[in-house]
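Residue numbers start at 1 and run along the sequence shown.
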Amino acid sequence: MAPRSIVFFLLLMSFAGGRAQSKQSGRINPGTSLSPTNQRYYSWVSPAGRFAFGFYQQGSGFAVGIWFVGKDKTKVVSVVWTANRDDPPISSNATLDFTTEGMLLLRSERGQQNLIANAICSVSYAAMLDSGNFVLYDNGSNIVWQSFDHPTDTILGGQTLFAGGQLFSSLTRTDHSTGSRFHLRMQDDGNLVLYPENTGDTSGDAYWSTDTVGHGSKFHLYLNNTGTLLIINGTISDTVYTLYENRASSAPNNNIIYRSTLDSDGNLRLYSHAYNESGDFNVSTLWQAFTDPCAVKVSCGFNSYCTFNDNQPYCVCLPGTDFVYPNDRSLGCERNFSEAVCTGGKENEALYRIQTMKNMKWGDRPYVEAPMSTKEECSRSCLEDCNCGAALFESKSCKKQSLPLRYVRRATNLETTAIFKAGITSLKNSNETDNQEMPLEDVRKTAIVQILLVTLGFTALSCVALGICGIYVFKSRVLRYQRLLENGNLGLNEEVTLRLFSYNELKRATNGFKEELGKGSFGAVYKGVLFKGRRLVAVKRLEKLVEEGEREFQAEMRAIGRTHHKNLVRLLGYCTEGSKRLLVYEYMSNGSLSDLLFRAERRPDWDERVRIARDVARGILYLHEECEAPIIHCDIKPQNILMDDFWTAKISDFGLAKFLMPDQTRTFTGIRGTRGYLAPEWYKNNPISVRADVYSYGIVLLEILCCRRNIEINISNEDEMILSTWIYKCFIGRELDKIVRGEEVDKATLENMVKVALWCIQDEPALRPSMKSVLLMLEGITEISNPPCPAPTSM
Ligand SMILES: *[C@@H]1O[C@H](CO)[C@@H](O)[C@H](O)[C@H]1NC(C)=O
Ligand SMILES: *[C@@H]1O[C@H](CO)[C@@H](O)[C@H](O)[C@H]1NC(C)=O
Ligand SMILES: *[C@@H]1O[C@H](CO)[C@@H](O)[C@H](O)[C@H]1NC(C)=O
Ligand SMILES: *[C@@H]1O[C@H](CO)[C@@H](O)[C@H](O)[C@H]1NC(C)=O
Ligand SMILES: *[C@@H]1O[C@H](CO)[C@@H](O)[C@H](O)[C@H]1NC(C)=O
Ligand SMILES: *[C@@H]1O[C@H](CO)[C@@H](O)[C@H](O)[C@H]1NC(C)=O
Ligand SMILES: *[C@@H]1O[C@H](CO)[C@@H](O)[C@H](O)[C@H]1NC(C)=O
Ligand SMILES: *[C@@H]1O[C@H](CO)[C@@H](O)[C@H](O)[C@H]1NC(C)=O
């Protein structure tokens, strides 16, 4: 506690003195630097004192950014830009150097260097402008870099969000890392759209848009200096759509500054900051994209919907479900009853009851949609169907859906009846059904009547009924499969809910688990055929499942079922019957990266390898940063990277680690036999973070570059036995062509990739870059400083 308050005290002090220095002129010369605790030089302030660029306090440390300067200098309230916003907080002894080469370099105490800004041309000086733009200039006073070109969650007056650009909401008002909740996209098709994060950005995911259409044009979002928010076609003079026109102000005024921010609640707002003579400002909201707080699609999680109480939005669970986390009700609901075993494709109806609600709607497509004349018929159809969790009866059509449901909405203008299947056996005390409360009795009675009816019906119709029943079940299945298949062909499969398979179905599909494709530590993978022989699948039978993992299994399945990324193997469905747990994946026809790199007759050529390296990085980035909760893969290695028909690399096995092994840290290393890829913290028994995957990725990257394993015992030259050590030597000795053995490669790309890999395999997790930085570096967007020597690989 004590050191922190000292830091804070220093900060207070520095706020008092910090402005004097830069007030003299807006020009910042190379060779100057800032430090969070330096009383004079912790920030550079714009000439009129409106904005500051420098260190501000964030969490337990600092971040580098731009903020509005108010009268109370100790308060940094409106941060408008943050550099590398997802990096961990910066320690108090870091420095920010504006080097004589014209780079803005952040140096932390361990010698780590992070580039904040780097222009391709030579830089003569920098300036923090009163518009809130931090700019680097060349010797002819041309702008070579500006923070306005790299918006985070805000655009300021005079700033443009160009076609293709995005704003990402911050986690909270005070934590400016990307919360991975919402983004605003200025689409190339001209539409300005708000999406929740981690969805496919399909029109079904959008929760607000301007519906502007500009195919073939360049539409940009522009906030002008007088607070008017516009969509422009190419140039400022060509307005195509006005989001908000500020009539109150017509001449640009240094005392009123406008900003438009994608706030952490997912709403896009326009604010004005009005300054008075004493340098104080107050903020007012001029406009917001929508007023209904329930408009944000993910404001309530799966199986729940948003409603109001005294203008406060809150989440309500659908019938038959309860909050997953009662303390955070926005995280969705899950079934609170135990499901009956599905025998012969028929539900044990006595264990369920139907509840209906009016005026509902939800997101995903139904797995089956059939014309029906009454809602009773629809209810019955859902009750009988093991896969049906809910149905929507709307204009004489019954749309059946399995859980979970997402984007559930309730609105008075929807002419629908929603039908939910609720259970009567509580999940929490499944052997105590007898002392349930009141409603059970009614349910029981109806259940008995139902049983009687069904039994009578069956006796009467006997074998004839059975025959018809069989045909009906068969037909409805075929229909279902065809629908799945059709959707797949149309490329709409992201909208299909995860499929629940029965064990027998999968047994049949794999011909009794006959053709084994591979064996992982958690169970073997078999080749199978589904959908009447039209789709190849890979079925993994999990064996070493921990009992407590049960709930997590389902949750995880659903979470992973929702991850859609072209560099992740897709999960099509799963089976959970008794103690049996199976996962059904898309089939990957071209084997693993390991086969390709180490075994194939034809080595993949250089360009192909570069592409694969980026593909894998994108997949991991998605798991780390773009999923609802970060997923640590824990087992990145070439064997787990599979190649599809088009040789796109896809990561497989993701997420299993998390729920299979509740006490991850220890048992883990023993179980997975892939030591060469494990980050050092595994051995040190330190907590594991996503940076463990970054380490594994670094090793894989080296292997991709050289088409050999990291450790080769049978190699004549001892120097080359351990790839990472050898490559570092070659890198230092400037002999990188050795490692590709005379192959024709692009030298600059090779060197870049080697540097990235060497950064990734640093011993200290904090030194490794995030996957986002890795990707930016691989794509040549950010420069890469020379990595320190990585620790020798443990064998
Ligand atoms: C900063 O430097 C001091 C002294 O060199 C060191 O003890 C400390 O761990 C470093 N980090 C922080 C956050 O102070
Ligand atoms: C600017 O820099 C370039 C190259 O660095 C140099 O050729 C040119 O003379 C410089 N111009 C001025 C005005 O200093
Ligand atoms: C946008 O501008 C371009 C070129 O100026 C023009 O061809 C196009 O028709 C414009 N689009 C719209 C939708 O106004
Ligand atoms: C901002 O846009 C509005 C509407 O197009 C216009 O009336 C106003 O003059 C513009 N302000 C500036 C500073 O360009
Ligand atoms: C701040 O808001 C108050 C009340 O809305 C207003 O009277 C005052 O003039 C504002 N201050 C500035 C600097 O605009
Ligand atoms: C404006 O200035 C006065 C002092 O001149 C101050 O008391 C007031 O709080 C300031 N702020 C606002 C927002 O009006
Ligand atoms: C499930 O939760 C709902 C809402 O809390 C409750 O009304 C219902 O009785 C629960 N059902 C079971 C079987 O526990
Ligand atoms: C349910 O029954 C099992 C075994 O019959 C018992 O171990 C368990 O404690 C019971 N659970 C409750 C909540 O009574």
Note to self: Between Lys637 and Asp635, does any side-chain N to carboxylate O distance fall below 4.0 Å?
What the structure shows: yes
Margin query: Do Asn84 and Ser773 have side chains that approach each other closer than 4.5 Å (heavy atoms only, starting at C-beta)?
Written below: no
Check: Judged by modelled atom types alone, do Thr261 and Asp153 share a side-chain donor-acceptor pair under 3.5 Å?
Finding: no
Next item on the list: Measure the spacing between CD1 of Ile727 and CG of Leu750 and express it to the nearest 0.5 Å.
Entry: 8.5 Å
Check: Side-chain donor-acceptor pair under 3.5 Å between Arg85 and Ser170, yes or no?
Finding: yes
Notebook entry, point to check: At what distance, to the nearest 0.5 angstrom, does OH of Tyr574 lie from CZ of Arg581?
Noted result: 10.0 Å
Next item on the list: Determine the minimum heavy-atom distance between Ala94 and Pro36, stating which atoms define it.
Entry: O-CD, 3.1 Å
Next item on the list: Would you indicate whether Glu735, at its atom CD, is surrounded by more than 12 heavy atoms from other residues, nucleotides or ligands within a distance under 6.0 Å?
Entry: yes
Check: Going by heavy atoms in the side chains, are Ile711 and Met721 under 4.5 Å from each other?
Finding: no
Next item on the list: Compute the ring centroids of Phe134 and Phe53, then answer whether they are less than 6.0 Å apart.
Entry: yes
Note to self: Keeping Asn567 on the side-chain end and Ala649 on the backbone end, is there a donor-acceptor pair under 3.5 Å?
What the structure shows: yes
Next item on the list: Measure across Val694 and Pro769 and return the closest heavy-atom pair with its distance rounded to 0.1 Å.
Entry: CG1-O, 3.4 Å
Next item on the list: Show your reasoning for whether side-chain contact (heavy atoms from CB on, under 4.5 Å) applies to Val616 and Ile620.
Entry: CA-CA 6 Å; Val616 176; Ile620 304 176; 4.0 Å; yes
Item checked: Main-chain N/O of Trp647 paired with Asp644 side-chain donor or acceptor, under 3.5 Å -> yes
Notebook entry, point to check: Do side-chain atoms of Glu586 reach the backbone of Arg570 as a donor and acceptor pair under 3.5 angstrom?
Noted result: yes
Next item on the list: Determine whether Trp145 and His150 make a side-chain contact, defined as any pair of heavy atoms from C-beta on separated by less than 4.5 Å.
Entry: yes
Check: Would you say Phe731 and Leu736 make side-chain contact, with heavy atoms under 4.5 Å?
Finding: yes
Notebook entry, point to check: CG/Asp737 to CZ/Arg741 distance, rounded to the nearest 0.5 angstrom?
Noted result: 12.0 Å
Next item on the list: May I ask you to check whether over 12 heavy atoms, not counting those of Arg603, lie within 6.0 Å of atom CZ?
Entry: yes
Margin query: How close do Gln639 and Ser594 get, counting heavy atoms only, and between which atoms?
Written below: N-CB, 3.8 Å
Note to self: Restricting to ring pair (Phe, Tyr, Trp, His ring centres under 6.0 Å), what partner residues turn up for Tyr587, sequence neighbours left out?
What the structure shows: none
Next item on the list: Show your working on side-chain contact (heavy atoms from CB on, under 4.5 Å) between Met771 and Val690 and close with a plain yes or no.
Entry: CA-CA 9 Å; Met771 280 319 288; Val690 290; over 6 Å; no
Note to self: Working to the nearest 0.5 angstrom, can you tell me the gap between Asp693 CG and Leu621 CG?
What the structure shows: 11.5 Å
Next item on the list: State the CZ-OG distance between Arg691 and Ser770, to the nearest 0.5 angstrom.
Entry: 5.5 Å
Check: Parallel under 30°, tilted from 30 to 60°, perpendicular over 60°: which one fits the rings of Trp67 and Tyr56?
Finding: perpendicular
Notebook entry, point to check: Is any side-chain heavy atom of Phe55 closer than 4.5 Å to a side-chain heavy atom of Leu34?
Noted result: yes
Next item on the list: Would you please test Trp759 and Ile784 for side-chain contact (heavy atoms from CB on, under 4.5 Å) and show each step?
Entry: CA-CA 9 Å; Trp759 273 115; Ile784 314 163; 3.7 Å; yes
Item checked: Residues Arg611, Asp607: salt bridge by 4.0 Å N-O rule -> no
Next item on the list: For the pair Thr95 (side chain) and Asp97 (backbone), establish whether a donor and an acceptor sit closer than 3.5 Å, ignoring hydrogens and angles.
Entry: no
Next item on the list: Give a yes or no on this: more than 12 heavy atoms of other residues, nucleotides or ligands lie within 6.0 Å of atom CZ of Arg734.
Entry: no
Next item on the list: Could you please spell out the steps behind the side-chain contact (heavy atoms from CB on, under 4.5 Å) verdict for Val64 and Thr82?
Entry: CA-CA 6 Å; Val64 173; Thr82 301; over 6 Å; no
Next item on the list: Spell out, as yes or no, whether a donor-acceptor pair under 3.5 Å connects the side chain of His176 to the backbone of Asp86.
Entry: no
Check: Would you say the side-chain atoms of Arg614 pair up with the backbone N or O of Leu778, donor to acceptor, closer than 3.5 Å?
Finding: yes
Margin query: Less than 4.0 angstrom from a charged side-chain N to a carboxylate O is my criterion; do Arg618 and Glu779 meet it?
Written below: yes
Notebook entry, point to check: Would you say Lys772 and Leu775 make side-chain contact, with heavy atoms under 4.5 Å?
Noted result: no
Note to self: Taking salt bridge (Lys or Arg N to Asp or Glu O under 4.0 Å) as the definition, give me every residue that meets it alongside Arg185, ordered by chain and number, with sequence neighbours left out.
What the structure shows: Asp201
Next item on the list: Taking the side chain as every heavy atom from C-beta outward, state whether Met753 and Val610 have any pair of such atoms under 4.5 Å apart.
Entry: yes
Checklist line | Distance-minimising heavy-atom pair for Ser147 and Trp81 | finding: O-NE1, 3.8 Å
Check: Taking C-beta and beyond as the side chain, do Leu583 and Tyr585 meet within less than 4.5 Å on heavy atoms?
Finding: yes
Checklist line | Exercise: identify the closest heavy-atom pair between His183 and Pro196 | finding: CE1-O, 3.8 Å
Next item on the list: Determine whether the side chains of Asp175 and Ser177 contain a donor N or O and an acceptor N or O closer than 3.5 Å.
Entry: yes
Checklist line | Asn590 side, atom CG; Thr648 side, atom OG1 - distance, nearest 0.5 Å | finding: 10.0 Å
Notebook entry, point to check: Should Glu720 and Lys729 count as an ion pair when the cut-off is N to O under 4.0 Å?
Noted result: no
Cut-off 3.5 Å, no hydrogens considered: what does the side-chain donor-acceptor table look like for residues 696-706, sequence neighbours left out?
unit_1: Ser696; atom_1: OG; unit_2: Tyr677; atom_2: O; d: 2.7
unit_1: Ser696; atom_1: OG; unit_2: Ala692; atom_2: O; d: 3.2
unit_1: Tyr697; atom_1: OH; unit_2: Ala613; atom_2: O; d: 2.7
unit_1: Glu703; atom_1: OE1; unit_2: Tyr677; atom_2: OH; d: 2.8
unit_1: Glu703; atom_1: OE2; unit_2: Tyr677; atom_2: OH; d: 3.1
unit_1: Glu703; atom_1: OE2; unit_2: Asn710; atom_2: N; d: 2.7

